[in-house]
Amino acid sequence: MASSRVLDVDALLDDPKTRIVVCCGSGGVGKTTTAAALGLRAAERGRKVVVLTIDPARRLAQSMGIDSLDNVPRRVKGTDGGGELHAMMLDMKRTFDEVVEAHADRERAAAILANPFYQSLSAGFAGTQEYMAMEKLGQLRARDEWDLIVVDTPPSRSALDFLDAPKRLGSFLDGRLIRLLTAPAKLGGRAGMAFLNVGMSMMTGTLGKLLGGQLLKDVQTFVAAMDTTFGGFRTRADATYKLLQAPGTAFLVVAAPERDALREAAYFVERLAAENMPLVGLVLNRVHGSGAGRLSAERALDAAENLADPGIADQGDGKAGLRNSPETYGSSEPRAAEAATGTDASGASPEGSPADEERSVDRLAEGLLRLHAERMHLLAREQRTRDRFTARHPEVAVVDVPALPGDVHDLTGLRDIGDRLAAGAPTERPEPS
């Protein structure tokens with residue numbers, strides 16, 4: 001059973017109305033490679049593309065022949081066609097610094113960047129990476145320099161953290177504690193100091209004991225300096241969130257044909273629908289196939305069992321056929337049995353004899369048949385898993401990407417992935433045994 005809808009990748013990439021493609025999925029399913037392959041294929045079909053990755057393994061740079069990627073889009077050389085391909089890797093802290101520099105005057109920006117609490121927040125606050133990915137996406141789209149932006153979402157154990165992060169960071173910046181800490185700065189002058197000294201003395205004393213006096217001072221200094229930019233965080237997060245919901249954005253869920261990965265993919269599909277995000281389909285990555293799909297696992301194992309003992313392979317009735325052979329039945333001469341089985345008196349084939357060579361071929365064939373049986377069992381398991389997903393979500397278009405024999409290391413490998421993405425038809429599956 002296959003999905004009734006097949007994802008047309010080329011139609012998606014060729015549509016000038018498609019401006020953002022977001023690749024999401026659980027970790028280790030090939031999101032980065034898929035994003036890079038989509039970007040390369042779109043560029044070689046005439047579009048000006050930038051691929052934004054948040055992959056710390058830097059595989060994207062290696063596959064595109066770039067020494068390293070950073071927060072600035074870099075042109076990828078060696079592409080064919082009339083388009084352009086650029087790539088970049090999110091620098092979380094640098095993006096945060098850019099936000100501060102863009103929304104504060106020089107003196108205040110310098111104070112914020114030097115603040116110890118800010119340095120800790122920008123380097124490791126929960127959700128900062130996901131928020132900054134959204135921030136960078138908003139910056140790229142606002143520049144209107146590229147026809148298409150392909151986003152490789154952050155690796156995360158929690159599905160769609162990059163959608164939740166702006167809300168979390170906005171809630172933090174708009175939270176009660178932050179508002180309380182910013183109140184003195186907003187009141188200003190003596191009134192502010194009086195409020196701080198009287199109204200907050202108990203709270204700051206308690207926080208000072210919990211956090212340490214210096215840390216509390218750093219937080220208050222940071223909050224006072226950042227006060228004018230708080231609204232900007234929430235405003236830009238809301239704008240980028242709406243951009244992801246707008247026509248021209250396309251979400252692709254990437255998954256492997258495994259139970260856990262497709263269970264996670266189902267959650268992604270349902271969550272995207274709940275958030276009104278435009279899902280265009282599922283990329284089922286690393287799907288296994290076989291050029292001998294008509295040979296079932298059961299038949300392969302039967303043939304392997306027949307080859308397990310000398311002289312059995314050509315006997316339709318197995319050992320019974322050999323015992324009932326007229327050449328051996330009832331004979332009192334050992335040579336008759338030796339001639340029938342190709343063995344000497346001890347039961348072993350002489351080394352280098354035709355029988356010994358035939359036995360080596362049998363052992364090789366037996367091993368290959370057993371490997372084939374294992375492959376067919378794997379294919380059947382993948383198909384059952386795929387069928388469960390498509391039965392649950394028949395509305396989701398699917399494209400199968402056959403597994404490659406090795407990793408992708410260059411543009412040629414990315415082109416191969418792109419060709420497989422665009423092939424459209426589901427991978428040929430084995431017939432039921």
J.: Name all pairs fulfilling the side-chain hydrogen bond (donor to acceptor under 3.5 Å, both in side chains) condition that reach into residues 242-256, sequence neighbours left out, sorted by first residue then second.
T.: none
J.: Partners of Arg392 by salt bridge (Lys or Arg N to Asp or Glu O under 4.0 Å), sequence neighbours excluded?
T.: Glu270
J.: Could you work out, with side-chain hydrogen bond (donor to acceptor under 3.5 Å, both in side chains) as the rule, every residue matching Arg94, not counting sequence neighbours?
T.: Glu101
J.: Checking Asp260 now: which residues fulfil side-chain hydrogen bond (donor to acceptor under 3.5 Å, both in side chains) with it, not counting sequence neighbours?
T.: Arg263
J.: In chain order, what residues pass the side-chain hydrogen bond (donor to acceptor under 3.5 Å, both in side chains) check against His86, with sequence neighbours excluded?
T.: Glu84
J.: My understanding is that only residues two or more places apart in sequence, or in another chain, count here; which of them pass salt bridge (Lys or Arg N to Asp or Glu O under 4.0 Å) with Asp14?
T.: Arg45
J.: For residues Arg47 and Thr18, report the shortest heavy-atom separation together with the two atoms involved.
T.: NH2-O, 2.9 Å
J.: My understanding is that only residues two or more places apart in sequence, or in another chain, count here; which of them pass side-chain hydrogen bond (donor to acceptor under 3.5 Å, both in side chains) with Glu44?
T.: Arg415
J.: Listed by chain and number, what are the side-chain contact (heavy atoms from CB on, under 4.5 Å) partners of Ala300, not counting sequence neighbours?
T.: Leu295, Leu369, His372, Ala373
J.: For Ala403, give me all partners under side-chain contact (heavy atoms from CB on, under 4.5 Å), at least two apart in sequence or on another chain.
T.: Arg286, His288
J.: How far does NE2 of His409 sit from CG of Leu414, to the nearest 0.5 angstrom?
T.: 11.0 Å
J.: Not counting sequence neighbours, which residues clear side-chain contact (heavy atoms from CB on, under 4.5 Å) with Ala42? List them please.
T.: Leu13, Val49, Leu148
J.: Of all residues at least two apart in sequence or in a different chain, which pass the salt bridge (Lys or Arg N to Asp or Glu O under 4.0 Å) check with Asp416?
T.: Arg420
J.: Run the side-chain contact (heavy atoms from CB on, under 4.5 Å) test against Arg370 and tell me which residues pass, sequence neighbours left out.
T.: Leu301, Ala304, Glu305, Glu366
J.: Quick check: are there more than 12 heavy atoms from other residues, nucleotides or ligands sitting under 6.0 Å from CZ of Arg75?
T.: yes
